[in-house]
Amino acid sequence: MTSTKILVPDMGDFKDVEIIEVLVKEGQQVNKNDSLITLESDKSSVEVPSTHKGTVEKINIKVGNKVNQGDLILSLKSENKTEEKKVAVNKDKKIEKRVEDKKQEVIEKKQIIPTAPSSQSVTKSASPKVRKFARELGANVLEITGSQRAGRVSEEDVKNFIRSQVAVSGGKVEKKIHKEEYPHEEFGEIELKDIPRVKKLSGPQLVRSWTEIPHVTQHEEIDITEMEQFRSSLYDYYSGEMIKVTPLAFISKALVSALKTFPNFNASIDPIHNKIIYKKYFHLGFAVDTPHGLMVPKVRNVDQMSIKQIGEALKKTSKLCRELKIDKKEFFGGSMTISSLGGIGGTFFTPIINPPEVAILGVGKSFDKLIKLKGKIVSRKILPISLSYDHRIIDGAEGARFCVYLSECLGKDFAFKLAV
Ligand code: CAO
């Protein structure tokens, strides 16, 4: 029997990190890789695993202590001498890899917030009791959206997360894993690849939105013929050059006008106090397709912008996303999101609401359509839109009125409607 010292491993740039949880007791038997303590910085939390198997002899730290690499966590009574030598030099590759993975995860979470769900996926803190509760249920607090101040995770958040992840069957909680009757390789050659991290992060949030929010999607064809004629005739008064603004800038302007008229769409549910939060600001979220995955940054105070300024803000924000230079906070605090596939193609689809927002506007590619107007068959430019809304807050009639209002804002009298 020898005493083995377990030290705080290399944590990269993380210094003076607070211990928020001690997960073992003196006299307790631990296995290699069992978590010993939880460290929490302002960016994330990390569990430090044991490098050895043994019995906890003496714990050298306590909750609230701030530690750095090399600080003594505890000593273990251990039987394996050869392994102990490795600990002394603190070269356990697995720990380094786990810490490295965690650092990478923190960096990516800091930079990338996926769609809906997404977005609001980075959890900063939770009490030791809540962490223990989450761990017992097999959940990672980092994946849970915190509903409390500064995104802190509560026990209720953990329960909601678990509810969205599992199905209750026969009184037992089981993970929903569907096993295919025949393996894919039985039908030909296949290739296995990891799911990209951004998609892994956004997945649970999408499931939460889809399973917890009663979605209704209403489709509408908007006649934007006059608006499109106007858009393609825009030029700079002084230089005479054409001004390139995409339809999205006009749609954003119309959406702000609709949000002012229908405040239920610029709202969020406060699940703790069971109230509706009405937002007095107009920060629109835009789904941006980037090589790193889908991101939904917000453009702030769109109500105070001209159409040209909205177009510029859109270009600037999507560039920041594509270059991973956008600040994390810009993924939060939105009124409503627009998911425009108009630059790519397709007509109607069912966009998934980006909680805590209560509605999302999907935009398809405009197309020419022959329609009967005043007894004549004429060709008109049609914009397909799909509005998804949370039926707990918005009734079907209100959803329909919202679409009609948007049609008017982008229709033949758009110049009067959008100027208001
Ligand atoms: N109908 C017809 N043409 C449209 C259109 C529409 N509804 N919307 C855009 N276009 C045209 C633009 O005018 C532009 O034409 P030009 O090249 O002739 O100028 C072209 O399509 C490309 O536009 P864009 O997509 O670059 O610009 P945008 O302002 O419309 O959109 C942005 C900006 C950031 C939203 C977009 O680049 C993007 O990332 N879209 C994908 C969003 C997405 O993935 N949503 C799905 C989320 S759910 O998984």
Side-chain angles (χ1 to χ4, degrees), residues 41-45 105-126 141-154 157 160-161 164 197-198 201-206 208-209 212-213 252 255-256 259 265-273 275-290 292-305 313-314 316-339 351-361 388 390 393:
S41 72
D42 58 340
K43 297 189 184 95
S44 179
S45 61
E105 193 180 311
V106 169
I107 291 163
E108 288 188 25
K109 278 186 174 171
K110 193 168 176 257
Q111 289 174 331
I112 303 164
I113 302 296
T115 188
S118 95
S119 53
Q120 282 70 2
S121 69
V122 181
T123 299
K124 277 191 177 170
S125 57
V141 276
L142 289 173
E143 288 177 6
I144 302 173
T145 304
S147 62
Q148 296 186 323
R149 209 156 60 87
R152 199 169 170 83
V153 177
S154 68
D157 296 329
N160 286 337
F161 178 78
S164 72
R197 195 183 284 274
V198 173
L201 286 170
S202 63
Q205 302 300 326
L206 286 164
R208 184 167 80 91
S209 174
E212 288 182 10
I213 300 177
S252 306
L255 184 59
V256 167
L259 288 175
F265 285 77
N266 194 6
S268 283
I269 294 178
D270 175 351
I272 296 166
H273 305 102
K275 288 191 190 302
I276 304 175
I277 299 163
Y278 286 100
K279 298 161 203 173
K280 305 292 176 190
Y281 47 79
F282 300 90
H283 305 330
L284 297 187
F286 293 91
V288 178
D289 183 30
T290 82
H292 323 283
L294 185 76
M295 301 188 196
V296 191
K298 313 300 169 209
V299 173
R300 310 275 174 206
N301 302 312
V302 180
D303 56 317
Q304 292 161 33
M305 291 180 178
L314 264 168
K316 191 173 147 207
T317 312
S318 51
K319 188 166 179 277
L320 286 175
C321 286
R322 287 174 182 135
E323 293 172 357
L324 290 181
K325 287 183 182 157
I326 187 123
D327 193 79
K328 181 181 123 188
K329 203 172 171 193
E330 296 311 312
F331 295 112
F332 294 85
S335 299
M336 196 174 147
T337 295
I338 303 183
S339 176
I352 299 182
I353 296 165
N354 188 10
E357 295 165 19
V358 293
I360 180 166
L361 183 69
S388 292
D390 185 335
I393 298 292

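In what follows, residues are counted from 1 in the order of the sequence shown.
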Excluding sequence neighbours, so at least two apart, what forms side-chain contact (heavy atoms from CB on, under 4.5 Å) with [X]?
X: Ser388; value: His215, Thr217, Pro351, Ile353, Ile360
X: Ser154; value: Ser147, Gln148, Glu156, Asp157
X: Glu323; value: Lys319, Lys325
X: Asp303; value: Val256, Lys260, Phe282, Asn301

**Request:** Considering non-hydrogen atoms only, spot the tightest contact between Ala287 and Thr337 and give its length.
**Result:** N-CG2, 4.3 Å
**Item:** Non-hydrogen atoms of Cys321 and Thr290 that approach each other most closely
**Value:** CB-CG2, 4.1 Å
Got a donor-acceptor contact below 3.5 angstrom from the [X] side chain to the [Y] backbone?
X: Ser209; Y: Gln205; value: no
X: Asn266; Y: Met336; value: no
X: Arg322; Y: Asp289; value: yes

Going from [atom1] on [X] to [atom2] on [Y], what distance comes out if it is rounded to the nearest 0.5 angstrom?
X: Phe331; Y: Met295; atom1: CZ; atom2: CE; answer: 5.5 Å
X: Arg300; Y: Leu284; atom1: CZ; atom2: CG; answer: 10.5 Å
X: Ile277; Y: Lys280; atom1: CD1; atom2: NZ; answer: 12.5 Å
X: Tyr281; Y: Leu259; atom1: OH; atom2: CG; answer: 12.0 Å

Heavy-atom side-chain contact between [X] and [Y] under 4.5 Å:
X: Pro297; Y: Val288; value: yes
X: Phe265; Y: Leu255; value: no
X: Ser252; Y: Ile338; value: yes

**Message:** For Val299 and Phe286: C-alpha separation, side-chain torsions, deciding distance, then whether side chain to side chain contact (heavy atoms under 4.5 Å, CB included) applies.
**Reply:** CA-CA 8 Å; Val299 173; Phe286 293 91; 3.6 Å; yes
**Item:** salt bridge (Lys or Arg N to Asp or Glu O under 4.0 Å) partners for Asp390, two or more places apart
**Value:** Arg392
**Request:** List the steps and the verdict of side chain to side chain contact (heavy atoms under 4.5 Å, CB included) for Glu212 and Asn160.
**Result:** CA-CA 9 Å; Glu212 288 182 10; Asn160 286 337; 4.2 Å; yes
**Request:** Taking only Lys NZ, Arg NE, NH1 and NH2, and the carboxylate oxygens of Asp or Glu, determine whether Lys279 and Glu357 approach each other closer than 4.0 Å.
**Result:** no
**Request:** Could you list the residues that satisfy side-chain hydrogen bond (donor to acceptor under 3.5 Å, both in side chains) with Ser318, not counting sequence neighbours?
**Result:** none
